[in-house]
Peer 1: 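Quick one: this structure, given as structure tokens, is what I'll be asking you about.
Position 1 is the first residue of the sequence; numbering continues from there. Computed from a predicted structure; not experimentally measured.
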Amino acid sequence: MVLVSSLPFLLLLLLTDLCYSISLRTTVNSTATKEYLKLPLLHRTPFKSPAQALPFDIRRLSLLHRQRTSLKSPVISGASTGSGQYFVSLRLGSPAQTLLLVADTGSDLVWVKCSACKNCSNYSPGSAFLARHSSTFSLIHCFNSQCRLVPHPRPNPCNRTRLHSPCRYEYSYADGSSTSGFFSKETTTLNTSAGREKKLKNLAFGCGFRISGPSLTGASFAGAHGVIGLGRAPISFSSQLGRRFGNKFSYCLMDYTLSPPPTSYLMIGGHQNSAVSRKRILNFTPLLVNSLSPTFYYIGIKSVSVDGVKLPINPSVWSIDDLGNGGTIIDSGTTLTFLVEPAYREILSAIKRRVKLPGPGELTPGFDLCVNVSGVRRPVFPRMSLELAGNSVFSPPPRNYFIDTSEGVKCLAIQPVNSGSGFSVIGNLMQQGYLLEFDRDRSRLGFARSGCALP
């Protein structure tokens, strides 16, 4: 989905089919040189299989490309909603009010439903932030430099005659969804590993008083009080806390099919000096910068191999052009993996030639390759490897890209990006079982499979 605003931004909405809930206890751990926030992620599955979310992904991506061909604005991500989310518990205000917010690695703005919110779905006591009950709530005014970091309604109320007016923001999505309100500041309260409370002052966030449209009021957003953006812009949660916690964050998504699901974590800050972290050996690839899409975490793909055979894909298909088109982003908010058409066709053809399993009795809509695994105890699938910039190799197990779509049927969870202005997305199914560390100071992405579920 696309955000349309008065600033030179378009917001892409890329969503997850995995649904996690973060426990109400957030811990701040200390090492000799760093402290970090550790947020345990508990797995919930809103759908029986990722295939049930596929129509959402297809519609969303095709909508994005129609917008990009007609608008020359750059693209960054929008609020994460839809078929599933990560929920982080944020204690906001004084006294603290507990809110569940959707964590989105592709967006920047932190926003919550405020008590004056109109048209908010499932509004009830406790479902919104009560600003009037907090002694530390304050508005950001038009003269504040932070006000220039958010998109404004039209006409912009922050004109020269109203410098002391509250800073208003407005996000409008291509499907008609929107959120608007006051850009504000508040105190957040976190629990330390020793059980003590730690207060962080002046978190900039949007106090939303109007939310509308299917993406923000539908059943998939039920239970969410807002969004925490973890993108690269100064107003994101990771940016605001990054100055205090090492300017990096990491997460690990465990296999959603395991029962009971292992514990995994979202970390804000550096924890490389901990005893557990020393057991992890990270591979690194540079995080590339697209000045026209500054929020996304881009990585560089050099080549793709299937069962050790390098495929004849022109390296230029992975490049970012002068208009900001192309490239590859890695995003926990996307379910499937989407690859540009020329690369997708080569990969699909190579995998088809090597799969020795029969096709299913009935076609599975939305998938180009499905196989019947009924009665097969350990089906064998080709192994795909991505050679990344920095001489690292990302080689996920086949279960990360062959998923169950029905009883006895597995399908290839990779889809083509048909538009010439599109970019590739490494989705969260492909990321399962990996620790991913976004090191913003060094502009690199670290990844490893060892110790992924360890604290």
Side-chain angles (χ1 to χ4, degrees), residues 15-20 41-59 61 83-84 252-264 304-311 313 332 334-339 341 343-386 393-416 425-434 449-450 452-453:
L15 305 171
T16 178
D17 181 36
L18 303 178
C19 188
Y20 293 82
L41 301 175
L42 305 179
H43 181 254
R44 290 192 297 161
T45 305
F47 298 100
K48 294 181 180 179
S49 77
Q52 292 177 275
L54 181 61
F56 295 97
D57 282 315
I58 291 178
R59 183 175 67 248
L61 202 63
S83 57
C252 170
L253 306 180
M254 296 307 296
D255 190 338
Y256 73 98
T257 64
L258 299 179
S259 181
T263 302
S264 54
V304 179
S305 299
V306 175
D307 282 346
V309 179
K310 185 176 179 179
L311 303 184
I313 300 173
S332 66
T334 306
T335 306
L336 306 181
T337 287
F338 295 89
L339 301 179
E341 179 80 18
Y344 170 76
R345 291 301 168 191
E346 288 291 345
I347 293 170
L348 177 65
S349 178
I351 292 178
K352 275 185 175 180
R353 290 195 301 267
R354 291 168 172 81
V355 171
K356 305 302 181 183
L357 297 166
E362 298 181 1
L363 295 177
T364 304
F367 292 94
D368 291 328
L369 175 60
C370 296
V371 294
N372 186 344
V373 296
S374 298
V376 182
R377 185 177 179 182
R378 294 183 178 179
V380 177
F381 295 99
R383 189 66 175 259
M384 181 177 64
S385 299
L386 306 180
V393 177
F394 179 67
S395 185
R399 67 173 176 270
N400 283 27
Y401 48 91
F402 269 96
I403 60 173
D404 297 315
T405 57
S406 61
E407 185 68 29
V409 176
K410 289 183 179 290
C411 295
L412 182 65
I414 303 175
Q415 295 292 319
V425 182
I426 305 299
N428 59 39
L429 290 177
M430 193 73 79
Q431 300 173 36
Q432 286 184 53
Y434 280 87
R449 288 185 60 80
S450 60
C452 182

Peer 1: Decide yes or no on side chain to side chain contact (heavy atoms under 4.5 Å, CB included) for Met384 and Leu412, but give the supporting numbers first.
Peer 2: CA-CA 12 Å; Met384 181 177 64; Leu412 182 65; over 6 Å; no
Peer 1: How far apart are the closest heavy atoms of Phe381 and Pro398, and which atoms are they?
Peer 2: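 What the structure gives for the nearest pair is CB-CB, 3.7 Å.
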Peer 1: Is there side-chain contact between Val304 and Glu346, with heavy atoms separated by less than 4.5 Å?
Peer 2: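 Val304 vs Glu346: side chains apart.
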Peer 1: Using side-chain heavy atoms (C-beta onward) and a distance below 4.5 Å, is Met430 in contact with Leu386?
Peer 2: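 They are not in contact (no side-chain heavy atoms under 4.5 Å apart), so the answer is no.
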Peer 1: Please report the shortest heavy-atom distance between Val306 and Leu311, naming the atom on each side.
Peer 2: CG2-CD1, 3.9 Å
Peer 1: Flag the pair Arg383 and Asp307 as a salt bridge only when some basic side-chain nitrogen lies within less than 4.0 angstrom of an acidic carboxylate oxygen.
Peer 2: no
Peer 1: How many angstroms lie between atom CZ of Phe402 and atom CG of Leu357, to the nearest 0.5 angstrom?
Peer 2: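 Here the interatomic distance stands at 8.5 Å.
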Peer 1: Give me the atom names and distance for the closest heavy-atom approach of Ile414 to Tyr344.
Peer 2: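 So the two residues come closest at O-CE1, 3.3 Å.
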Peer 1: State the CG-OH distance between Leu369 and Tyr401, to the nearest 0.5 angstrom.
Peer 2: 11.5 Å
Peer 1: Between Cys370 and Pro360, what is the shortest heavy-atom contact and its length?
Peer 2: O-CD, 3.3 Å
Peer 1: Measure from the side-chain N and O atoms of Thr337 to the backbone N and O of Gly427, and report whether any donor-acceptor pair falls under 3.5 Å.
Peer 2: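 Answer holds: yes.
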Peer 1: Can you tell me if Arg345 and Ser349 form a side-chain donor-acceptor pair at under 3.5 Å?
Peer 2: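 No, because no side-chain N or O of Arg345 sits under 3.5 Å from a partner of the opposite role on Ser349.
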Peer 1: Nearest 0.5 Å, please: how far is CG in Asp368 from NZ in Lys352?
Peer 2: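 Between atom NZ of Lys352 and atom CG of Asp368 there are 6.5 Å.
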Peer 1: Supply the atom-to-atom distance Phe394 CZ to Arg449 CZ, rounded to the nearest 0.5 angstrom.
Peer 2: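 Separation between the atoms: 8.5 Å.
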Peer 1: How far apart are the closest heavy atoms of Asn372 and Gly408, and which atoms are they?
Peer 2: OD1-O, 3.3 Å
Peer 1: Of all the heavy-atom pairs spanning Gln432 and Asn400, show the shortest one and how long it is.
Peer 2: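 Closest approach of Gln432 to Asn400, heavy atoms only: O-ND2, 2.9 Å.
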